[in-house]
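These notes are about the structure you will find just below.
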Amino acid sequence: MQRVLLTLISVFALYACTGTVPHKPAEEKPAAPAVEAVQPTEPLPPTEIEPIVPEVAELLPEGERVPHIALLLPMQSPGFGPAAEAVQRGFLAAASYGRLQWPVRLYNEQAENGSVYKTYRQAIANGARAVVGPLTRDGVNALAAETNIPVPTLALNVADGEHAPQLYFFGMAIEEEARQIARIAAQQGMRQAIIVGVGTSLSQRLRTAFEEQWSADGRGVLRVIEYSKDPSVFADIGDMTDTMVFLATGAGQARLLRSYLPARAPVYATSQVFSGNTNTLTNYDLNGIRFVDMPWLLQPDHPAVMIYQRAEPPLPIDRERLYALGVDSFRLVLLMLTERVSARMPLDGVSGRIRLQGQTFVREGVQARFIEGRAVAGDADIVPTVQMFPEQQVR
């Protein structure tokens with residue numbers, strides 16, 4: 001049985017992203033970690049955690065069953081391992097800015113063999129006071145089906161239906177971005193929409209989410225175009241000031257489709273069109289498209305974003321988003337431990353502005369537009385971008 005390297009990390013004070021030193025320490029609660037109001041002048045070194053492999057360490061010896069925060073991630077999965085590593089690194093990057101009374105222990109989630117709940121129960125038996133994970137949709141659905149959730153648990157994906165009171169959800173659901181785009185366009189005075197899809201399952205999900213939100217606001221869909229390499233379907237689209245075009249596509253298709261649309265047409269999309277600002281030549285083809293994405297990617301110089309250590313070398317952009325998810329999942333689980341979730345919502349995080357809807361934490365991204373080959377946060381013509389207000393000390 002592998003022994004677990006217990007790493008003491010500081011409790012992350014929820015105002016930490018301001019970079020200020022608090023006036024007095026938070027009051028200690030018997031059922032939660034003490035919040036010590038200390039902001040280190042320099043980041044702590046990255047924490048290394050030895051994974052607990054469930055098949056080897058089903059239950060730790062009595063002396064090692066200590067209070068801890070459990071991370072349930074598919075670290076050894078061929079398909080999900082890189083994503084799990086990105087989440088773990090982001091989680092530890094956030095944790096390194098405080099002082100945590102409890103260690104963090106990593107448990108290898110194996111959704112493929114149906115052992116998620118078994119692993120969850122092992123973590124509880126070993127002393128977990130809070131659990132973050134699972135990450136995969138199958139793993140989250142398996143855990144969501146259980147009624148015995150004895151500690152605050154933050155699943156890193158979404159599930160529908162009724163669930164145990166201490167089970168919360170926080171993930172990367174792209175459909176919510178499509179709904180946000182519908183609301184943004186409505187706020188800008190758009191009255192009709194043309195939806196362009198490309199026939200993939202992801203495109204269909206984006207199209208459905210956008211259309212549901214758009215119709216719920218009482219607005220009409222003028223046309224739905226399923227593009228299949230025939231540009232003539234765009235021939236009769238002219239400049240209509242009150243009609244927007246929603247591209248339910250990724251970056252590659254969006255670059256092609258943008259060339260078929262009028263230059264002045266209001267065109268919107270989700271974060272799927274943004275693959276970073278390193279290739280301005282490629283991004284020129286996306287000029288004018290409005291979309292939403294994370295402050296982590298769009299506002300890297302914001303003081304509230306800069307305080308967190310970034311991955312070196314930089315990760316691919318999809319994994320950078322998961323890294324940011326890890327950062328905010330640490331912040332959310334601390335709120336859950338101190339029973340301050342409702343009082344601290346909405347939370348301005350590095351992955352977006354986070355609000356609680358039922359038992360699901362919903363992210364709203366920063367608004368941006370491609371200008372001269374770069375994605376620029378904010379736009380004079382649209383609603384102001386998310387502002388990351390300083391958080392207050394938890395008391």
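For the numbers below, each heavy atom of this structure counts, side chains included, while hydrogens, waters and symmetry mates do not.
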Shared hydrophobic cluster for [X] and [Y] (ILVMFWY, side-chain gaps under 4.5 Å):
| X | Y | answer |
| --- | --- | --- |
| Leu206 | Val362 | no |
| Leu261 | Tyr284 | no |
| Tyr168 | Leu73 | yes |

Donor on one side chain, acceptor on other, [X] and [Y], under 3.5 Å:
| X | Y | answer |
| --- | --- | --- |
| Thr249 | Tyr227 | no |
| Thr136 | Asp138 | no |
| Thr208 | Gln204 | yes |

If you count the non-hydrogen atoms of other residues, nucleotides and ligands that lie under 6.0 Å from [atom1] in [X], is the total more than 12?
| X | atom1 | result |
| --- | --- | --- |
| Arg310 | CZ | yes |
| Glu162 | CD | no |
| Asp160 | CG | no |
| Arg223 | CZ | yes |

Q. So, are Glu146 and Lys118 salt-bridged, with charged N and O less than 4.0 Å apart?
A.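 Lys118 and Glu146: not salt-bridged.
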
Q.
Under a 4.0 Å threshold between the charged nitrogen and the carboxylate oxygen, would Arg353 count as salt-bridged to Glu364?
A.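 No, this pair does not count.
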
(Q) With a 6.0 Å cut-off on the ring centroids, do Phe370 and Phe291 count as close? (A)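 Close enough - the centres of the two rings lie under 6.0 Å apart.
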
**Q.** Separation of Met336 CE from Gln166 CD (nearest 0.5 Å)
**A.**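 Here the interatomic distance stands at 7.5 Å.
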
Q: Nearest 0.5 Å please: distance from the OG atom of Ser275 over to the CG atom of Leu297.
A: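 Going from the OG atom of Ser275 to the CG atom of Leu297 covers 10.5 Å.
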
Give a yes or no on whether the backbone of [Y] and the side-chain of [X] come within a donor-acceptor separation of less than 3.5 Å.
| X | Y | value |
| --- | --- | --- |
| Glu177 | Ser271 | yes |
| Gln192 | Thr243 | no |
| Asn277 | Ala375 | yes |
| Glu109 | Val116 | no |
| Gln253 | Gly250 | yes |
| Arg290 | Gly288 | no |
| Asn283 | Gly276 | yes |
| Arg321 | Met294 | no |
| Asn157 | Leu135 | yes |

**Q.** Heavy-atom closest pair, residues Ser203 and Ala248
**A.**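 So the minimum-distance heavy-atom pair works out to OG-O, 2.7 Å.
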
Q. Which heavy atom in Pro266 sits nearest to a heavy atom in Thr241, and how many Å separate them?
A.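 Nearest pair, atom of Pro266 first, then Thr241: CG-O, 4.4 Å.
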
Q.
As a quick check of understanding, evaluate side-chain contact (heavy atoms from CB on, under 4.5 Å) for Phe330 and Leu92, giving each step before the final call.
A. CA-CA 8 Å; Phe330 178 83; Leu92 297 180; over 6 Å; no

(Q) Applying salt bridge (charged side-chain N to carboxylate O under 4.0 Å, His left out) to Arg363 and Glu176, what does each step give before you reach the verdict? (A) CA-CA 8 Å; Arg363 296 183 306 104; Glu176 185 55 37; over 6 Å; no

Q: Report the C-alpha separation of Thr119 and Asn108 in whole Å, then their side-chain angles, then the decisive distance to 0.1 Å, and conclude whether the side-chain contact (heavy atoms from CB on, under 4.5 Å) test is met.
A: CA-CA 8 Å; Thr119 307; Asn108 182 42; over 6 Å; no

Q | Test side-chain contact (heavy atoms from CB on, under 4.5 Å) applied to Asp328 and Phe361, Phe170, Phe91, the passing residue | A |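 The residue from Phe361, Phe170, Phe91 that satisfies side-chain contact (heavy atoms from CB on, under 4.5 Å) with Asp328 turns out to be Phe170.
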
